[in-house]
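Structure, as structure tokens:
Here, residue 1 is the first one in the sequence, and each next residue gets the next number.
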Amino acid sequence: MIDLFEHAALEAGRTILDLYRNGCDIREKTDGSPVTAADIRAENIIRYELSAAFPSVPIVAEESAASGLIPKIHGKRFFLVDALDGTREFIGRTGEFTVNIAFIDNGTPVVGIVYAPALQLGYTADYGVAKSLKVNDNQRVVDRVPIKVRTRSAPPVAVASRSHTSSNTKLFLDTQGIEECRPLASSLKFCLVAAGEVDLYPRLGRTMEWDTAAGDAVLRAAGGTTVLLDGKLLRYGKCNQERDVDFANPPFVAWGQI
């Protein structure tokens, strides 16, 4: 499965980079967030690859979900896809956008890939094995290195959203004695924790499961954990929620070594 994920992510990344360099249409979704032709085309590539190899496994993907195409996944294993996480970074040309594919088994992300085509790097998770990838100009993997979370530094170093940091996040960082917090976009924040470059990533604002699943898979495979504010593990496949829509995440903190 991880080989399939890697192939699909690289193919999607090629399309995204082509549109990144040459420009593409941008429109606004009903929730006010932007969507581009790169989001749509990349998602179509990934959906085709996954469906061909695993026709019986449901796929929950961001742009399809926005169009109302959401399969029933209750009690099933399923895929979560965010073909272009960080659309604003794509539009703003920061390079901090990623391709995300994850496989969810019993509410847990166990296989996943986060690929940043403009940065020529990626991260994979495969049932407890996490690796970082280096990619060349031809979008081919040229190096794979195992990664793991680090022993927590004192004081801890955090990474937080470049564009979604709230006053609650700043308060949390203060209570944890955080003196350094690095801004970063997309699911790369999980990967910095997984690779042992920082100690934690708090996200106290709203996210969706497709935003987090692949990065969370990498983090857990590297020895970290993602927990809610009450200490419970973040679970996936959250449908029929009383206080939010299907697949919405509550606030969480992604930790390296606790």
Side-chain angles (χ1 to χ4, degrees), residues 1-21 38-39 41-50 53 61-62 79-87 89-90 93-104 109-150 159 161-162 182 184-198 201 209-224 226 254 256:
M1 184 180 288
I2 193 59
D3 292 337
L4 170 67
F5 281 17
E6 187 175 302
H7 175 76
L10 289 170
E11 286 297 312
R14 290 185 182 97
T15 293
I16 290 170
L17 277 182
D18 181 60
L19 294 170
Y20 185 63
R21 292 163 179 159
D39 294 83
R41 293 186 191 179
E43 182 173 299
N44 287 341
I45 290 169
I46 295 168
R47 288 182 62 91
Y48 175 82
E49 296 278 352
L50 296 181
E62 179 180 14
F79 296 117
L80 274 168
V81 175
D82 189 349
L84 180 51
D85 183 35
T87 301
E89 281 64 42
F90 175 87
R93 309 190 65 77
T94 71
E96 294 178 1
F97 50 86
T98 57
V99 179
N100 300 267
I101 311 171
F103 177 59
I104 309 301
V110 293
V111 183
I113 185 167
V114 173
Y115 173 45
L119 304 180
Q120 296 184 292
L121 57 87
Y123 301 87
T124 60
D126 188 15
Y127 288 99
V129 177
K131 295 180 181 179
S132 64
L133 312 178
K134 290 184 179 180
V135 180
N136 65 15
D137 292 339
N138 296 319
Q139 301 298 298
R140 297 186 182 277
V141 177
V142 294
D143 194 20
R144 307 172 196 273
V145 179
I147 57 173
K148 64 178 181 179
V149 298
R150 71 185 187 187
V159 62
S161 172
R162 184 181 298 282
R182 304 177 187 176
L184 191 64
S186 74
S187 54
L188 288 169
K189 297 183 286 295
F190 282 100
C191 300
L192 257 63
V193 183
E197 297 184 38
V198 298
Y201 157 44
E209 291 185 10
W210 46 75
D211 297 319
T212 63
D216 193 2
V218 173
L219 176 60
R220 297 189 198 205
T226 302

Discussion item. Run the side chain to side chain contact (heavy atoms under 4.5 Å, CB included) test on Leu4 and Glu49 for me, step by step, so that the C-alpha distance in whole Å, both residues' side-chain angles and the decisive distance to 0.1 Å come before the verdict.
Written reply: CA-CA 8 Å; Leu4 170 67; Glu49 296 278 352; 4.1 Å; yes
Worksheet entry | Working for side chain to side chain contact (heavy atoms under 4.5 Å, CB included), residues Phe190 and Val218 | CA-CA 7 Å; Phe190 282 100; Val218 173; 6.0 Å; no
Practice prompt. Go through Val129 and Ile2 one step at a time and tell me if the side chain to side chain contact (heavy atoms under 4.5 Å, CB included) criterion holds.
Written response: CA-CA 11 Å; Val129 177; Ile2 193 59; over 6 Å; no
Item to complete: List the steps and the verdict of side chain to side chain contact (heavy atoms under 4.5 Å, CB included) for Tyr123 and Ile147.
Response: CA-CA 9 Å; Tyr123 301 87; Ile147 57 173; 3.8 Å; yes
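Here Leu133 contributes atom CG and Thr124 contributes atom OG1; the two are 5.0 Å apart, rounded to the nearest 0.5 Å. To the nearest 0.5 Å, atoms CZ (Phe5) and CG (Leu50) are separated by 6.0 Å. Rounded to the nearest 0.5 Å, atoms CG (Leu184) and CG (Leu192) are 6.0 Å apart. Put simply, CG on Asp126 and NZ on Lys131 are 8.0 Å apart, with the number rounded to the nearest 0.5 Å. In this structure, the separation between CD on Glu43 and CD1 on Ile16 is 10.5 Å, given to the nearest 0.5 Å. Rounding to the nearest 0.5 Å places CG of Asp211 at 10.0 Å from CG of Leu80.
Evaluation of the salt bridge (Lys or Arg N to Asp or Glu O under 4.0 Å) rule for Arg150 yields Asp199 as partners, not counting sequence neighbours. Among residues two or more places apart in sequence or in another chain, the salt bridge (Lys or Arg N to Asp or Glu O under 4.0 Å) test is passed with Asp82 by none. Here Arg182 pairs with Glu180 under the salt bridge (Lys or Arg N to Asp or Glu O under 4.0 Å) rule; sequence neighbours left out. Under the salt bridge (Lys or Arg N to Asp or Glu O under 4.0 Å) criterion, Glu96 pairs with Arg162, not counting sequence neighbours. Applying the side chain to side chain donor-acceptor pair (under 3.5 Å) criterion to Asp18, with sequence neighbours excluded, gives Asn22.
Between Phe79 and Phe103, the two ring planes are tilted [angle within 30° to 60°].
Listed by first and then second residue, the salt bridge (Lys or Arg N to Asp or Glu O under 4.0 Å) pairs involving residues 1-15 are Glu6-Arg144, Glu11-Arg14 (not counting sequence neighbours).
Distance alone, capped at 3.5 Å, places no donor-acceptor pair between the Arg41 side chain and the Ala12 backbone.
Shown here for Ala8 and Ile46, the closest heavy-atom pair between the two residues is O-CG1, 4.1 Å. Residue Ser187 comes nearest to Val114 through the heavy atom pair OG-CG1, 3.3 Å, listed as atom of the first residue, atom of the second, then distance. Residues Ile104 and Ala213 share a closest heavy-atom pair of CD1-CB, 4.1 Å. Counting all heavy atoms, side chain and backbone alike, Ala221 lies closest to Ala125 at CB-CB, 3.7 Å. When all heavy atoms of Trp210 and Glu62 are compared, the closest pair comes out as NE1-CG, 3.4 Å. Scanning both residues, Thr226 and Ala254, for their nearest heavy atoms gives OG1-CB, 3.8 Å.
Other residues, nucleotides and ligands place more than 12 heavy atoms under 6.0 Å from the CG atom of Asn136. The environment of OH in Tyr127 is crowded: more than 12 heavy-atom neighbours from other residues, nucleotides or ligands sit within 6.0 Å.
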